[in-house]
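Please read the structure below before turning to the comments.
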Amino acid sequence: MTIRTQVIPDVGAKTPVPALEPLLFELARPGRSGRHVRTNETAAIPDAFQRKAPLRLPELTEPQVVRHYTHLAQLNYSVDTGMYPLGSCTMKYNPKVNDRVAALFADVHPRQSYRTTQGVLALAYELEQMLVKITGMDFVSLQPQAGAQSEFTALLVFKAYHAKRGEAAQRRRIIVPDTAHGTNPASAAMCGYEVTTVKSDARGNVDLDALKSALGPDVAGFMLTNPNTLGLFEERVREVCDAVHAAGALVYGDGANMNALLGVARPGDLGFDCLHINVHKTFSTPHGAGGPGAGPLCVKAHLRPFLPKPWIVRESDGTYHYDTAREDRAPAPLGDSIGTIKQRLGNFGVLVRAYAYIKTLGEEGLVETGRDAILSANYLLALLRPAYDVAYERPPMHEFVLSAAKQKKQGASALDISKALLDEGFHSPTVYFPLIVPEAMMIEPTETEPKETLDAFAAAMLRIAERVTTDPAAVRDAPKHAPLRRLDEVGAARKPVLRYKADA
Amino acid sequence: MTIRTQVIPDVGAKTPVPALEPLLFELARPGRSGRHVRTNETAAIPDAFQRKAPLRLPELTEPQVVRHYTHLAQLNYSVDTGMYPLGSCTMKYNPKVNDRVAALFADVHPRQSYRTTQGVLALAYELEQMLVKITGMDFVSLQPQAGAQSEFTALLVFKAYHAKRGEAAQRRRIIVPDTAHGTNPASAAMCGYEVTTVKSDARGNVDLDALKSALGPDVAGFMLTNPNTLGLFEERVREVCDAVHAAGALVYGDGANMNALLGVARPGDLGFDCLHINVHKTFSTPHGAGGPGAGPLCVKAHLRPFLPKPWIVRESDGTYHYDTAREDRAPAPLGDSIGTIKQRLGNFGVLVRAYAYIKTLGEEGLVETGRDAILSANYLLALLRPAYDVAYERPPMHEFVLSAAKQKKQGASALDISKALLDEGFHSPTVYFPLIVPEAMMIEPTETEPKETLDAFAAAMLRIAERVTTDPAAVRDAPKHAPLRRLDEVGAARKPVLRYKADA
Amino acid sequence: MVGNNPYSPHTEADRAAMLSRIGVRDIDELLGAIPTDARHPKLGVAPGLSEMEVQSHLERLAKMNTTAGDGPFFIGGAIQRRYIPAAVPVLALRGEFLTAYTPYQPEVSQGTLQAVFEYQSLMAELLAMDVVNSSMYDGGSATAEAAFMAVRVTGRRKVVVATEVDFTYRRTLRTYARGPELEIVEVPTAKLASSAEGAACLIVQHPDAFGTLIDVRQIADAAHAAGALCVQVTEPHACALLEPPGALGADIVVGEGQPLGITMSYGGPHLGIFACREALVRQMPGRIAGQTVDANGTRGFVNTLQTREQHIRREKATSNICTNEALAAITAAVYLSLLGPEGLRAAARAGVARAHALAQRLAALPRCAIANDRPFFDRFTLRTEVGGWDLRNGLIARGIQVEATASHYVNGRREGRDDVIVQCTELTTEADADALVDAVAQLARSGETVATG
Amino acid sequence: MVGNNPYSPHTEADRAAMLSRIGVRDIDELLGAIPTDARHPKLGVAPGLSEMEVQSHLERLAKMNTTAGDGPFFIGGAIQRRYIPAAVPVLALRGEFLTAYTPYQPEVSQGTLQAVFEYQSLMAELLAMDVVNSSMYDGGSATAEAAFMAVRVTGRRKVVVATEVDFTYRRTLRTYARGPELEIVEVPTAKLASSAEGAACLIVQHPDAFGTLIDVRQIADAAHAAGALCVQVTEPHACALLEPPGALGADIVVGEGQPLGITMSYGGPHLGIFACREALVRQMPGRIAGQTVDANGTRGFVNTLQTREQHIRREKATSNICTNEALAAITAAVYLSLLGPEGLRAAARAGVARAHALAQRLAALPRCAIANDRPFFDRFTLRTEVGGWDLRNGLIARGIQVEATASHYVNGRREGRDDVIVQCTELTTEADADALVDAVAQLARSGETVATG
Ligand SMILES: Cc1ncc(COP(=O)(O)O)c(C=O)c1O
Ligand SMILES: Cc1ncc(COP(=O)(O)O)c(C=O)c1O
């Protein structure tokens, strides 16, 4: 293990406390500026509308700004700097060519005519087709900008579907498993549904009996992640879907874990009515320090009428337009559609990257990806099993969940272990999720980490487990080699400081 | 002062010794690769010519390569991360827009016709004009790719000039001051000249008497840096030039320190026959971890015939071509020209950046640059004077030279101080140059460092001076917070390991 | 086999060693849970390409578009073509920002957290609001989330929105509202103040979709008098010159942050701005970075007030948002720190000045009029006898791009006549303006149009 | 005043404080050494522009060029249009590489030093040579420096160079040689071996400027027999498929590294490759990175063997080179590490295969012939009755770019007839080839040319 140290100069900024890097505001000096944009024009704005409030934005030169953000960037852990085994997030490598080709579409406005955007429409149309093929669904809406927005969109679709059948008023409930990601119940609630949670069985599946007894004529839908957040493939997935369908409800597929299924199985063949895709997970688009993502919604034909508008139409001459006649003289005819979630094609810049990625992988590459993701997870699990409790003992798919319950008893929690990993040079796994595993550590290596990195990660985890038995206090004291020691999160929430104030 | 620590994982590469980062070769595994370029074509190469030697280039995936270079980059100090007061190098801020506009010319081949490169020629022609205006010279060759190549080019011009006058055989000597940069005598020697060094006087000027007595009919030229490498303006520059001219020799201006003179004085007004420009210094182009640069050679009219060919011609209709009729059916008619140093326009990608920089600054910005560079140097000198010996006590221009002779006696040399500065978060100044100042520390802050950074740098220098008096051993032991401790340079030279060998 | 997925590092030797450590002979042995007939589907996706092939394929697709830079361009509104300083992408797209995720481990994510905290601070200053979150998806979803938040805060279920609010925002709002089945009422801005009764909020846009300046204060007062919140939709550049939302009485402020250095990219990824008054912060959606200290007392930043969020509160969360637009927030902060107050004002002023000069020239043409009945900011509505869509198509045929007012479709019904909206920014040139004036003069005279079939 | 130089941070308050600390009232007081009449010259440079103005001005200039990507493109030789993987600029242009300088302080420059050491190692492997320096300016200056080095090593002053060596290299060599007044003799490659007597070196290019494959071994043997060195000019992609210089007997190897991921940029900045046998290393020009350890025993890298260099040895140095092309060397290393041996071979093979296919098609046209009399690599010489320059100009008029053989001008005199050289790489497409074949068929038939006045 190596430790890299870099010293940054005290540039003379007055910071109230010791800090890794001054704030922009602390670096600023009145009268400084660059000259990126200038004008000597004056704006004819009636006095009553003119800004009288001061505008105390920091005044800086470009050299200062460049150093500031270069320093900040270097304080970040990222996929470009190391293994990032954050379970459920699929932190795979983000190919650089995808960023480059996305930039080719940077200077196009979403309100341009179809006449001037044939390249955009052709790409989007083909991407829809590719997602159909990969998921086994029938139609796709590219509008949702992330998984959570796609969940919400899908639940709106469910509502519209039931409304069409005259059952909207009656079907007020959405069922989620106890392993569900937080966005699932949150989306359901946002969509005006009551949420019912069903428990998992001893093999980490949805408890089918519990599900059946929760199902009824008041249920609109069931949200299922498969493989679920334990990394396990739902063993009776078709029975689950059948049960839901038998109750007149719909099955929502949370596709956050789609990486495991690439070329391995298609949700459309398993009984799901729809599926969202996190392209920032499965299709390698960069996570952007929290976002952007994109969350295309893939549906079976019976849900198509309810998808957001407009839809892309391909003419027999190979040209494309939206389904608003040949020009959007009017909003797309809504018909049964729920409306519009995001103008036109959602986070198109992200979708271009996903398109390039699928083009690069192709059929065989997609298959290899799913299989390698599964191989890597199973291999890493085999290495870690000697030291950590395994939540459910059956072969995981692309990720798995350990429990640090044993270590917790020895004096160091999952949180402590996650911090000790930082000292070992690794980002930590997702911890304390899913909720049903005590001291959960959810580990997703992805297919892009080489075997020797998995070995090194495992060695670090075993070293930590060993240290927990000999010196748990040291583990509780981690991290020591990260840019900061542990942060006071309680204090942050109790007395929130949410912005810089000059006089603070 | 803040210390930033970052941990990188042991990725399982076998390195023979502890290392900050494995070598590419150590990260490689046979059978790995990306798919950037592929073909199933075969090349018809006669067997006798085919490569039989093994080609043991490392086999890596793109994710590995990205991490490797991201790690390496983070080990570097750079202008983008901090103050870099390397004297004589003008480590000013490198504006990002210049990189962006340079990329607009990336996909143009130097052997394209003038017909398809009017933008290139228009830019180069205007840049020549701008350099003429800034330096007060009459003509410019953009061919030399760095200062040293420009020196060599100029000396070839000198030789051709003297040859034209029938004095080539007689004028075998080049005179340089004892403050001259190493490239000056090296260029002279490379050009077949003998080198005579003249000493400096007590005020840091060329010793005029010594110069005069060195001058004679065997002298081809005198190479003068002004301001010189002490950062001092040559007080009797015109007398110096007159003396050289009186002896029938030419004066070469080393323009490495041109930043001081921007809008402050023009070498063309001071008696120089020619001048090179380091655009990577004066005109803000990035130094690229050692290069590239560009070294346009500016000359007075009497040296024009000898400049490298081809030359750009502007027609009255505003079109451009080279002086090879309208098309280069033949090499440019050489005439008295020395020939060609670098095909066409030298490091054009660097020159575009310089062009953009001059366009950005404009007349007033150039003036401000020269003056601010001088202001910053004098200010910093004022802050440091209490602790360090000043080599020559008169106002410097854009840089100045301290002596750590006093500190050396106290137990820490200029080298030690330079290493202690690394621990303080600053790059060190140029040390042990110029040669005539014992324990020289040559400091060039440039105009782009804010006052508070100069203050912080000075504070660090004073802290170190103080520490030399109390604990010189600690200073000799620096750096402790840099990525590495001091390196064994003697060992490196004694048993050179100049490349990775698989079996080493 | 190495070579199918070019980013996969596993050699056949690696795979064999891994399988043997797992204790299986084949990956298929690990797939027992998958119904056999569903395993190994044939997808029908074309074989993979090399990077070089992908690059040239996408270059070909991109050439099928006419970009904003290809000719005079006057489309704008929420999403604007603005000058992006070169340093913006260089810094914001550094791998350490681009390829990190939500800062779950703050000790190794201070770059993200401090940059986001600074974004919040810069935006709060620009809007003169107390609190800004670390981003929503876009202006549209931010508007919808503002309505939802007002519903939570007031306990009321009616949302009144001005018809002069950007039509894409109104569409998203209406769509979102189908979930909780809120009542969405669209009224002209002029009737907003008188429609506050029983409303959770009044949603006003200033400057509005047509560029018109609105007296927000009066609307905020009416809202407050009726116990409703005032939600202002705004644009960042406008806030540099116009009295900011916080000074006008807005309780929640939303908008599209794309003009702050983010590329248009046919609509995303962009930046939903979301701000509110301090008292409302615990009802705010989205992540928020806050300042704290580490165990050594060194200043640091964390995501805070997380008990509002889905990963803690699940169905009781203030929103379902998880992945957001952090990179866009960082980009906006880089942009603002480069431009500074003077640069931001200059960019805004240029748009206003050019819009007014252009409007004057267009209004002087026969059969042309400016439809804004009150002062406007940096865009305006041009009315000709040709009609907006036909004029737009005629202009496209001449290489000039403008937007026709889809915005006049209210609740899906066409109301009033269609015009074109003309947006100016600092990138609008004299030559652009000349081209538009010439073309409009011709088209308005000839009535020539382009078939829309 | 802040605002003239937008990169200057000094406010008026800063300047005042600084002056007062210096103890002067005005900067002019510091300029006493400058002749008064020379102070404050009026330069006559136009006023400064904003970044936005600079960007649009340079975009305008750039549009006045026809780039290689704008149409079928067959110009090549030393400088080649090749596919550059997206990760190359992302990594090599990171600010920490781009804005550092020569690693004078190795403790804080390990990124540069290790990257350069790796470049040396990769290039040594590709060339099968013992030692590679960290870069020369370009292929031309590297060739001249190789000749100078051979002169130092052998003590002889005659340099024999083949006329089939790239004409730009020969021009630079002749120009350089005027300094030490070396005798430069240009002979056809075929006569090289028989011209070794008394020579410091024989300089041969393989593949040569016209693409022809050369039997270097025989030339090296002749050189060695005569006590001369063999200098081989080569191209990096060719070395992936052809027996490398180190296996052919070359003592010094030079070439242009631009094809390794570096943009053409109208000729620079590029990368001078310079390699030699171990025994000659102390006569080598340029910087060399070497491996060592730090005080803790951790592996590290430094610039080594510096006693060869100008900053130590001044007039006794092996070269005057100071600023070099380190960034280009790093770029080449990134490129090589991404492509790997298979990718490099594939790129090289594509060029060879396409050149041969194209040559066959062209040779089949009436009045067209391939002028290479022996096997060629990835470029060839096309001879028509139209003549090279006229053919070239006719092709330009059809949007196709090729190079005419200026290379046939030997010692400034025209020798033989002018042809065009056709270079193929992995970026040459079928459509490019079709366009060239069609156009040549037309032009060769019609004899149509374009006026060159
Ligand atoms: C299982 C699961 N579902 C849904 C989501 C939400 O997706 P997004 O973050 O794209 O909104 C996530 C994201 O972490 C997830 O892991
Ligand atoms: C005074 C002086 N002259 C000449 C040079 C050589 O210039 P270059 O490095 O561009 O070859 C330098 C570079 O450091 C210098 O400082």
Side-chain angles (χ1 to χ4, degrees), chain B residues 19 33 36-37 39 41 43 57 69 72-73 75-80 101 104 106-108 110 116 118-119 145-146 148 182 185-187 189 191-192 195 233 269 286-293 327 339-340 343 347-349 362-365 368 379 395 450-451 482 484-485 492 497 499-500, chain D residues 4-5 9 14 18 30 33 38 45 47-48 58 61-62 64-67 85 91 94-96 98-102 107-108 110-112 121 124 137 168 171 175 179-180 263 265-269 290-292 294-295 299 304 310-311 314-315 317 320 323-324 326-327 341 347 349-350 352-353:
Chain B
S33 76
H36 300 90
V37 177
T39 183
E41 293 153 294
L57 295 178
Y69 284 102
L72 288 184
L75 294 172
N76 259 13
Y77 198 101
S78 64
V79 173
D80 275 7
V101 296
L104 298 170
D107 197 29
V108 184
T116 63
Q118 286 293 305
Q145 293 162 93
S187 298
C191 200
V195 178
F233 194 94
D269 299 339
H287 283 75
E327 186 55 271
T340 299
Q343 190 185 15
N347 278 351
F348 185 73
E363 175 95 15
E364 295 301 320
E368 186 174 278
Y379 174 67
K451 173 175 173 295
L484 288 183
R485 306 281 309 273
V497 179
R499 58 173 290 201
Y500 173 82
Chain D
N4 291 322
N5 174 351
D14 288 337
M18 290 162 80
L30 303 168
V45 173
L58 276 122
L61 285 174
M64 291 163 58
N65 303 318
T66 308
T67 69
L91 298 173
R94 277 180 69 98
E96 301 97 324
L98 185 67
T99 73
Y101 199 20
T102 310
E107 297 86 350
V108 294
Q110 285 299 303
T112 296
S121 305
Y137 303 129
T168 64
R171 285 187 191 169
T175 306
T263 57
S265 299
Y266 199 71
Q291 180 177 320
T292 186
D294 83 346
R299 179 174 70 190
T304 191
Q310 48 76 25
H311 64 290
R314 301 176 72 83
E315 63 268 24
N320 67 342
T323 294
N324 57 15
L327 194 69
R349 268 206 318 274
V352 175

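Source: prediction; values computed, not measured.
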d(B:His287 NE2, D:Thr112 OG1) to nearest 0.5 Å is 13.0 Å
Under 4.5 Å to a heavy atom of chain B? For D:Pro341 that would be both
Residues B:Phe348 and D:Ser265: closest non-hydrogen pair is CB-O, 3.5 Å
Next item on the list: Would you tell me whether D:Glu96 and B:Asn76 have side-chain atoms, one donor and one acceptor, within less than 3.5 Å of each other?
Entry: no
Given B:Val79, B:Val497, B:Asp107, B:Val195, the one with more heavy-atom pairs under 4.5 angstrom with chain D than any other is B:Asp107
If you tally heavy-atom pairs under 4.5 Å between each of B:Pro286, B:Ala73, B:Ala43 and chain D, the highest tally belongs to B:Ala73
Most contact-rich option vs chain D, by heavy-atom pairs under 4.5 angstrom, among B:Ala289, B:Gly365, B:Pro395, B:Ala148, is B:Ala289
Scored by heavy-atom pairs under 4.5 Å with chain B, the best of D:Leu61, D:Asn65, D:Thr263 is D:Asn65
Heavy-atom nearest pair, D:Pro85 first then B:His36, reads CB-CD2, 3.6 Å
Distance col, row D:Arg171:CZ vs B:Gln343:CD, nearest 0.5 angstrom, shows 7.5 Å
Here the gap from D:Met18 atom CE to B:Lys451 atom NZ, rounded to the nearest 0.5 Å, amounts to 7.5 Å
Between the CD atom in D:Glu107 and the CG atom in B:Leu75, the distance rounded to the nearest 0.5 Å is 12.5 Å
Practice prompt. Give a yes or no answer on whether the side chain of D:Thr99 reaches the backbone of B:Ser78 with a donor-acceptor pair at less than 3.5 Å.
Written response: no
Assert top hit (heavy-atom pairs under 4.5 Å, partner chain B, pool D:Pro269, D:Ala62, D:Ala295) equals D:Pro269
From the list B:Gly339, B:Gly192, B:Cys191, B:Ala189, the residue making the most non-hydrogen contacts under 4.5 Å with chain D is B:Cys191
| query | Ignoring hydrogens and geometry, is there a side-chain-to-backbone donor-acceptor pair from D:Asn320 to B:Ser187 under 3.5 Å? | reply | no
Practice problem: Check the pair D:Asn4 / B:Glu368 against side chain to side chain donor-acceptor pair (under 3.5 Å), numbers first and verdict last. | Solution: CA-CA 7 Å; D:Asn4 291 322; B:Glu368 186 174 278; 3.3 Å; yes
Closest non-hydrogen contact found for D:Gly268 with B:Asn347 is CA-OD1, 3.6 Å
Checked D:Asp14, D:Val352, D:Leu98 vs chain B; the most non-hydrogen pairs under 4.5 Å come from D:Leu98
Nearest heavy-atom approach of B:Leu484 to D:Arg299 is CD1-O, 3.9 Å
Looking only at D:Thr102, D:Leu30, D:Thr175, D:Thr67, most heavy-atom pairs under 4.5 Å shared with chain B are made by D:Thr175
On a heavy-atom basis, the closest approach of D:Ala100 and B:Tyr77 is CB-O, 3.4 Å
Whatever's closer than 4.5 Å to a heavy atom in chain B on D:Arg349 counts as both
task = Examine distances only and state if a side-chain atom of B:Glu363 and a backbone atom of D:Val45 form a donor-acceptor pair shorter than 3.5 Å.
result = yes
Minimal heavy-atom distance between D:Ala33 and B:Phe233, with the atoms involved, is O-CD2, 3.4 Å
